[in-house]
Chemist: 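Before I ask anything, here is the structure I am working with.
The figures here come from the full heavy-atom set of this structure, side chains too, leaving out hydrogens, waters and symmetry mates.
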Amino acid sequence: MRTSTPTLLRAALGAAVAAALVACSSSGGSRGSGDAAAEGGSSESTAAADVVYPGATWATADPASLGFDQAKLDEIAAQAQQANSNCLVVTRHGKLAAGWYWNVTDASSSQEVFSATKSYASTLVGIAQADGKLSIDDKASEYITAWQGTPSEDVTIANLISNDSGRTLSAGVDYTQLPYAPDMDSLAIGLQQEAAPGSKWGYNNSAIQTLDAVLRSAVGGDVATYAQDKLLGPLGMAHSHMSTDAAGNTKLFMGLQSTCEDMARFGYLFLRGGNWDGDQVVPEDWVTAATGHPSQDLNDAYGYLWWLNRPGTVVGPLQATTGQAGDAAEDTQLVPGAPEDMYFALGLGNQIIAVDPGTDTVVVRLGRGLGARGGGPSFDTAAATRVVTEALVDPSK
């Protein structure tokens, strides 16, 4: 050990539980693009001096100057609107190419992003490790003393952020008890060990919530404050905050309140290798470890609480966005046909951050509920990737 949104939530989680147990808008317009044109060149060839970062607001650029087909972007946005989205934002090379808002929202409208919070949680672990407060190879029981002398004693922090901890995995607990528990940490910590650490992969909300106790002990204070000081604040995420339960525990399996443009900042941080305008917010090697390859040998589509598009065995992607469990699929991808190095932060109801390192693009979609209006198309991870596979017609720009 080293030194150291209630109605919507209930409706969405209720629908998710039903799916899990059975299966074990108003019109809006483009938040337009400005007149600034992006410099040419792919993300690989962009010189450091040409890298731009958003200030209080994002710089804008005409979509065509960034290589996008406006008509195709509008088609994708129409699908997002029909799927009851609140917003859709596309950035490339650090500039806002396009943004749409519906359901009486705008760029400052925060909402619950559900499990997309998990990717922030693992990033906080990476920051704490860089600060010398912990190592992911530490046993979590060094920080959660209740696990000492129990079958959970050997669970590491790496197990918790890889979802192979072996802790109790229950849809009933994760979707009907945990979100409404007055003391989420106590409930999560008090569950049992079902399997040996590293032997079983499972999308485990309650296990991830125990990271709050780990981080609070490691950093010696409130995790929501640590997140504000170390991550949200430095990125200028002015309309975002981590929420807490009645006992004051920071929610880490869900709970972040954020906006499309703020979420795009987080995606852009990772595109820039953890650097934010000269400030190394999270180490570059952490970005690689979290998103560059699977964190374990059981699910090729999972890093450190990020979803990956790496080919191989894919386990349980629907749990992140619908709550519905599914069988493992071999020799496939999270989104077949999309770039293999893409990665995603995903939340219930298809809250999405899609990051494409190859084209220096970030796509964010936030919405309400679990389904589309009138039986129309959903807007899922595959829909988000269409921005780079179909709408980006000239990646050389």
Chemist: Under the rule for side chain to side chain contact (heavy atoms under 4.5 Å, CB included), what residues qualify as partners of Ala78, not counting sequence neighbours?
Modeler: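 For Ala78 there are no side chain to side chain contact (heavy atoms under 4.5 Å, CB included) partners, ignoring immediate neighbours.
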Chemist: Quick one: does Asn309's side chain have a donor or acceptor within less than 3.5 Å of a partner on Ala338's backbone?
Modeler: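 Yes.
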Chemist: With a 4.5 Å limit on heavy-atom distance, are the side chains of Leu334 and Arg310 in contact?
Modeler: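 Contact flag for Leu334/Arg310 side chains = no.
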Chemist: Taking the ring of Phe266 and the ring of Trp306, is the distance between their centroids below 6.0 Å?
Modeler: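 Yes: the rings meet the under 6.0 Å criterion.
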Chemist: Between Arg272 and Asp277, is the closest basic N to carboxylate O distance under 4.0 Å?
Modeler: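 Salt bridge between Asp277 and Arg272, a charged N being under 4.0 Å from a carboxylate O: no.
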Chemist: Evaluate the side-chain hydrogen bond (donor to acceptor under 3.5 Å, both in side chains) criterion for residues Glu284 and Asn275: first the C-alpha distance (whole Å), next the side-chain angles of each, then the deciding distance (0.1 Å), finally the verdict.
Modeler: CA-CA 8 Å; Glu284 185 172 10; Asn275 187 280; over 6 Å; no
Chemist: Going by atom types alone, do Gln319 and Gln324 pair a side-chain donor with an acceptor below 3.5 Å?
Modeler: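 Not at all, the side chains of Gln319 and Gln324 share no donor-acceptor pair under 3.5 Å.
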Chemist: Which residues satisfy the salt bridge (charged side-chain N to carboxylate O under 4.0 Å, His left out) test with Asp164, sequence neighbours excluded?
Modeler: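 Expected list: none.
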Chemist: Tell me the closest heavy-atom pair linking Asn350 and Arg365, and the distance in Å.
Modeler: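 Looks like O-NH1, 2.9 Å.
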Chemist: Starting at CZ of Arg368, measure out to CG of Asn86 and round the result to the nearest 0.5 Å.
Modeler: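 So the gap between those two atoms works out to 5.0 Å.
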Chemist: Would you please test Thr168 and Gln192 for side-chain hydrogen bond (donor to acceptor under 3.5 Å, both in side chains) and show each step?
Modeler: CA-CA 5 Å; Thr168 293; Gln192 301 301 305; over 6 Å; no
Chemist: Restricting to ring-ring contact (aromatic ring centres under 6.0 Å, His included), what partner residues turn up for Tyr226, sequence neighbours left out?
Modeler: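 Counting only residues at least two positions away or on another chain, Tyr226 forms no ring-ring contact (aromatic ring centres under 6.0 Å, His included).
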Chemist: Tell me if the centroids of the rings in Trp276 and Tyr53 come within less than 6.0 Å of each other.
Modeler: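 Yes, they do, as the ring centres are separated by less than 6.0 Å.
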Chemist: Arg167 versus Leu191: any side-chain heavy-atom pair under 4.5 Å?
Modeler: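 Yes - at least one pair of side-chain heavy atoms lies under 4.5 Å apart.
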Chemist: Could you walk me through whether Thr291 and Val355 pass the side-chain contact (heavy atoms from CB on, under 4.5 Å) test, one step at a time?
Modeler: CA-CA 10 Å; Thr291 65; Val355 182; over 6 Å; no
Chemist: Which heavy atom of Asp300 sits nearest a heavy atom of Pro311, and at what distance?
Modeler: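 Shortest heavy-atom contact: CB-O, 3.9 Å.
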Chemist: Is there a side-chain contact between Trp102 and Asn84, using heavy atoms and a 4.5 Å cut-off?
Modeler: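 In short, these two side chains do not touch, never coming nearer than 4.5 Å.
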Chemist: For the residue pair Ser109 / Asp106, report whether a side-chain donor-acceptor contact shorter than 3.5 Å exists.
Modeler: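 Yes, a side-chain donor-acceptor pair sits under 3.5 Å.
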Chemist: Taking the side chain from Thr117 and the backbone from Leu256, do they hold a donor-acceptor pair closer than 3.5 Å?
Modeler: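 A pair under 3.5 Å: yes.
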Chemist: Side-chain donor-acceptor pair under 3.5 Å between Ser65 and Asp62, yes or no?
Modeler: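 Side chains of Ser65 and Asp62: no pair found under 3.5 Å.
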Chemist: For a quick test of reading the model, state the closest non-hydrogen atom pair linking Val52 to Tyr268 and the distance between them.
Modeler: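 Looking at all heavy atoms of both residues, the closest pair is O-OH, 2.6 Å.
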Chemist: Between Asp262 and Ser240, do the side chains contain a donor N or O and an acceptor N or O under 3.5 Å apart?
Modeler: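 Yes - a donor-acceptor pair under 3.5 Å links their side chains.
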Chemist: With side-chain hydrogen bond (donor to acceptor under 3.5 Å, both in side chains) as the criterion, how do His93 and Asp360 come out once you've worked through the C-alpha distance, each side chain's angles and the decisive distance to 0.1 Å?
Modeler: CA-CA 6 Å; His93 300 325; Asp360 208 34; 2.8 Å; yes
Chemist: Distance alone, cut at 3.5 Å: any donor-acceptor contact between the side chains of Thr105 and Asn103?
Modeler: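 No - no donor-acceptor pair under 3.5 Å links their side chains.
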Chemist: Has Asp174 got a side-chain atom pairing as donor or acceptor with Ala171's backbone, closer than 3.5 angstrom?
Modeler: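 Checked: no pair found.
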Chemist: Can you list the residues that meet the side-chain hydrogen bond (donor to acceptor under 3.5 Å, both in side chains) rule with Ser115, with sequence neighbours excluded?
Modeler: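 Only Lys118, Tyr203 meet the side-chain hydrogen bond (donor to acceptor under 3.5 Å, both in side chains) criterion with Ser115.
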Chemist: Tell me, please, which residues at least two apart from Asp154 pass salt bridge (charged side-chain N to carboxylate O under 4.0 Å, His left out).
Modeler: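 Checked Asp154 against salt bridge (charged side-chain N to carboxylate O under 4.0 Å, His left out); matches are Lys139.
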Chemist: Looking only at heavy atoms, what is the nearest atom pair of Tyr180 and Thr176, with distance?
Modeler: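 So the minimum-distance heavy-atom pair works out to CD1-O, 3.2 Å.
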Chemist: Output side-chain donor-acceptor pairs under 3.5 Å for residues 379-387, partner residues at least two apart or in another chain, one line each.
Modeler:
| from | atom 1 | to | atom 2 | distance (Å) |
| --- | --- | --- | --- | --- |
| Asp380 | OD1 | Ala382 | N | 3.2 |
| Asp380 | OD1 | Ala383 | N | 3.0 |
| Thr385 | OG1 | Ala382 | O | 2.7 |
| Arg386 | NE | Glu390 | OE1 | 3.1 |
| Arg386 | NE | Glu390 | OE2 | 3.2 |
| Arg386 | NH1 | Gln79 | OE1 | 2.8 |
| Arg386 | NH2 | Glu75 | OE2 | 2.6 |
| Arg386 | NH2 | Glu390 | OE1 | 3.1 |

Chemist: Check whether any side-chain heavy atom of Gln228 sits under 4.5 Å from a side-chain heavy atom of Met242, and report yes or no.
Modeler: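 They are not in contact (no side-chain heavy atoms under 4.5 Å apart), so the answer is no.
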Chemist: Is the CG atom of Asp297 crowded by more than 12 outside heavy atoms at less than 6.0 Å?
Modeler: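 No, CG of Asp297 has 12 or fewer neighbouring heavy atoms, counting only those of other groups under 6.0 Å.
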Chemist: Would a 4.5 Å heavy-atom cut-off, applied to side chains only, mark Asp137 and Ile157 as touching?
Modeler: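 No - every pair of side-chain heavy atoms lies 4.5 Å or more apart.
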Chemist: Mind checking whether Leu187 and Gln177 have side chains closer than 4.5 Å, heavy atoms only?
Modeler: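 A side-chain contact under 4.5 Å exists here.
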Chemist: Could you tell me whether the side chain of Thr60 reaches within less than 4.5 Å of the side chain of Lys95, counting heavy atoms only?
Modeler: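 No. Closest side-chain heavy atoms not under 4.5 Å.
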Chemist: Taking atom CD of Gln81 and atom CH2 of Trp100, what is their separation to the nearest 0.5 Å?
Modeler: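 These two atoms lie 11.0 Å from each other.
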Chemist: Is it the case that the side chains of Asn163 and Asn299 hold a donor-acceptor pair, with the cut-off being a distance below 3.5 Å and no angle test?
Modeler: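 Absent: no donor and acceptor within the cut-off.
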Chemist: Working note: Gln70 + Asp74, criterion side-chain hydrogen bond (donor to acceptor under 3.5 Å, both in side chains); need CA distance, chi angles, decisive distance, verdict.
Modeler: CA-CA 6 Å; Gln70 181 69 65; Asp74 289 341; 2.9 Å; yes
Chemist: Check whether Ser162 reaches the backbone of Tyr304 with its side chain - one donor and one acceptor, N or O, closer than 3.5 Å.
Modeler: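 No.
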Chemist: Would you say Leu318 ends up clustered with Met342 if hydrophobic residues are merged whenever their side chains have heavy atoms under 4.5 Å apart, either directly or through other cluster members?
Modeler: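 Different clusters.
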Chemist: Of all the heavy-atom pairs spanning Ala130 and Pro283, show the shortest one and how long it is.
Modeler: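 Distance-wise, the nearest heavy atoms are CB-CG, 3.5 Å.
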Chemist: Got a second to check how far Asp356's CG is from Asp341's CG, nearest 0.5 Å?
Modeler: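 Going from the CG atom of Asp356 to the CG atom of Asp341 covers 6.0 Å.
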Chemist: Is it true that Phe253 and Phe114 have ring centroids separated by less than 6.0 Å?
Modeler: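 Not under 6.0 Å, so no.
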Chemist: Take Asp131 and Lys230 through the test salt bridge (charged side-chain N to carboxylate O under 4.0 Å, His left out) and record every step on the way to the result.
Modeler: CA-CA 10 Å; Asp131 285 346; Lys230 294 287 188 172; 3.2 Å; yes
Chemist: Give a yes or no on whether Leu169 and Leu305 share a hydrophobic cluster (residues Ile, Leu, Val, Met, Phe, Trp, Tyr; joining criterion: side-chain heavy atoms under 4.5 Å apart).
Modeler: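 No; tracing contacts between hydrophobic side chains, which count when under 4.5 Å, never links both residues.
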Chemist: Carefully, step by step, assess Trp307 and Tyr302 under the rule ring pair (Phe, Tyr, Trp, His ring centres under 6.0 Å).
Modeler: CA-CA 5 Å; Trp307 288 93; Tyr302 213 70; 4.8 Å; yes
Chemist: Could Arg216 and Asp185 be called an ion pair, given the rule that one side-chain N must be under 4.0 Å from one carboxylate O?
Modeler: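 Yes, charged N to carboxylate O under 4.0 Å.
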Chemist: Is there a side-chain contact between Glu153 and Trp147 (heavy atoms, below 4.5 Å)?
Modeler: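 Not in contact.
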Chemist: Please report the shortest heavy-atom distance between Gly367 and Gln111, naming the atom on each side.
Modeler: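 Result for this residue pair: O-NE2, 3.0 Å.
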Chemist: Just checking, any donor-acceptor pair under 3.5 angstrom between side chains of Asp285 and Thr288?
Modeler: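 Per modelled atom types, Asp285 and Thr288 side chains form no pair under 3.5 Å.
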Chemist: Starting at CG of Leu160, measure out to CG of Asn204 and round the result to the nearest 0.5 Å.
Modeler: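 Reported value, rounded in 0.5 Å steps: 9.0 Å.
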